[in-house]
Amino acid sequence: MRSRAAIVVAAVALLLIPLGCGADTTTADRRQALEDYVEEVQPIRLGINELLDKPDPILEGYRDGDLSATQAQRRMGRIERGAAAYAVQIAALEDVPEEMQAAQDAYAHTFVLQDTYLSALTAALEERAFDELPHFQNEQRAAIIAWRTRLEVLADRWDAKLPANLQVAGRGEISPSPTGD
């Protein structure tokens, strides 16, 4: 319960960060910077989402006995390496508007958590030690929703255009379930 309160406090804090300090930056400049940032994030965000659709058939095949532990681990290992590559890409973004930096850092951390989870899941397959998997979904979801909300607040303020599919960020399954739950 204490960690849930900390997540809510962090999310609210992200929303209350002052909107820029430099008086020489125009609204049009801020709008363009935000739209450029989203344009850079979108392929990474959509890529990790597409990648995270791939574990379910592997895990189902493993559960049903169609894949051995070694086969499932090999396939999940490729997905984990893909997640790691996306974690590097999202962390490497340089043109992050100052007003988005804290939310961006928290959002980028969700990719690290996803990579960590997938690595642990891959290792757990052979022994089916699924009860030992880390539970990051709530933390990830809170950070993603805070990131999306911050984007929306700034976009509204600066009249920036955001992709319609951004509304789904933070909704739905975040980490694949090895048991099909």
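Values in this document were obtained by computation on a predicted structure and should not be read as measured data.
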side-chain contact (heavy atoms from CB on, under 4.5 Å) evaluation trace for R128 with Y62: CA-CA 10 Å; R128 296 183 183 264; Y62 177 61; 3.5 Å; yes
Within residues 69-81 or reaching into it, pairs that qualify as side-chain hydrogen bond (donor to acceptor under 3.5 Å, both in side chains) - sequence neighbours excluded: S68-Q71
Roughly how far, to the nearest 0.5 Å, is [atom2] of [Y] from [atom1] of [X]?
X    : Y    : atom1 : atom2 : answer
L51  : L46  : CG    : CG    : 12.5 Å
M100 : L151 : CE    : CG    : 3.5 Å
L154 : T149 : CG    : OG1   : 11.0 Å
R45  : R148 : CZ    : CZ    : 9.5 Å
L121 : T116 : CG    : OG1   : 12.5 Å
L52  : Q114 : CG    : CD    : 4.5 Å

Greater than 12 external heavy atoms within 6.0 Å of Q42's CD: yes
Is [Y] close to [X] at the side-chain level, that is, under 4.5 Å between some pair of heavy atoms?
X    : Y    : answer
I144 : R141 : no
E99  : W158 : yes
F136 : T110 : no
R30  : L34  : no
I79  : M76  : yes

Trace of the salt bridge (Lys or Arg N to Asp or Glu O under 4.0 Å) decision for R31 with E35: CA-CA 6 Å; R31 175 185 320 113; E35 289 176 353; 5.3 Å; no
For A83 against D115, the heavy-atom pair lying closest together: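 Shortest heavy-atom contact: CB-CA, 4.3 Å.
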Minimum-distance pair of heavy atoms, taken over all atoms of A124 and L133: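 Minimum heavy-atom contact is CB-CD2, 4.1 Å.
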Those residues that, when tested against E60, pass salt bridge (charged side-chain N to carboxylate O under 4.0 Å, His left out) (two or more places apart): none
Indicate every side-chain donor-acceptor pair of residues 88-97 with a distance under 3.5 Å to a residue at least two apart or in another chain.
none

Residue pairs, two or more places apart or on separate chains, that pass ring pair (Phe, Tyr, Trp, His ring centres under 6.0 Å) and touch residues 90-128: Y107-F111, Y107-W147
For Y86, ring-ring contact (aromatic ring centres under 6.0 Å, His included) partners two or more places apart: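 Y86: no ring-ring contact (aromatic ring centres under 6.0 Å, His included) contacts found.
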Partners passing side-chain hydrogen bond (donor to acceptor under 3.5 Å, both in side chains) against D53 (at least two apart in sequence or in another chain): none
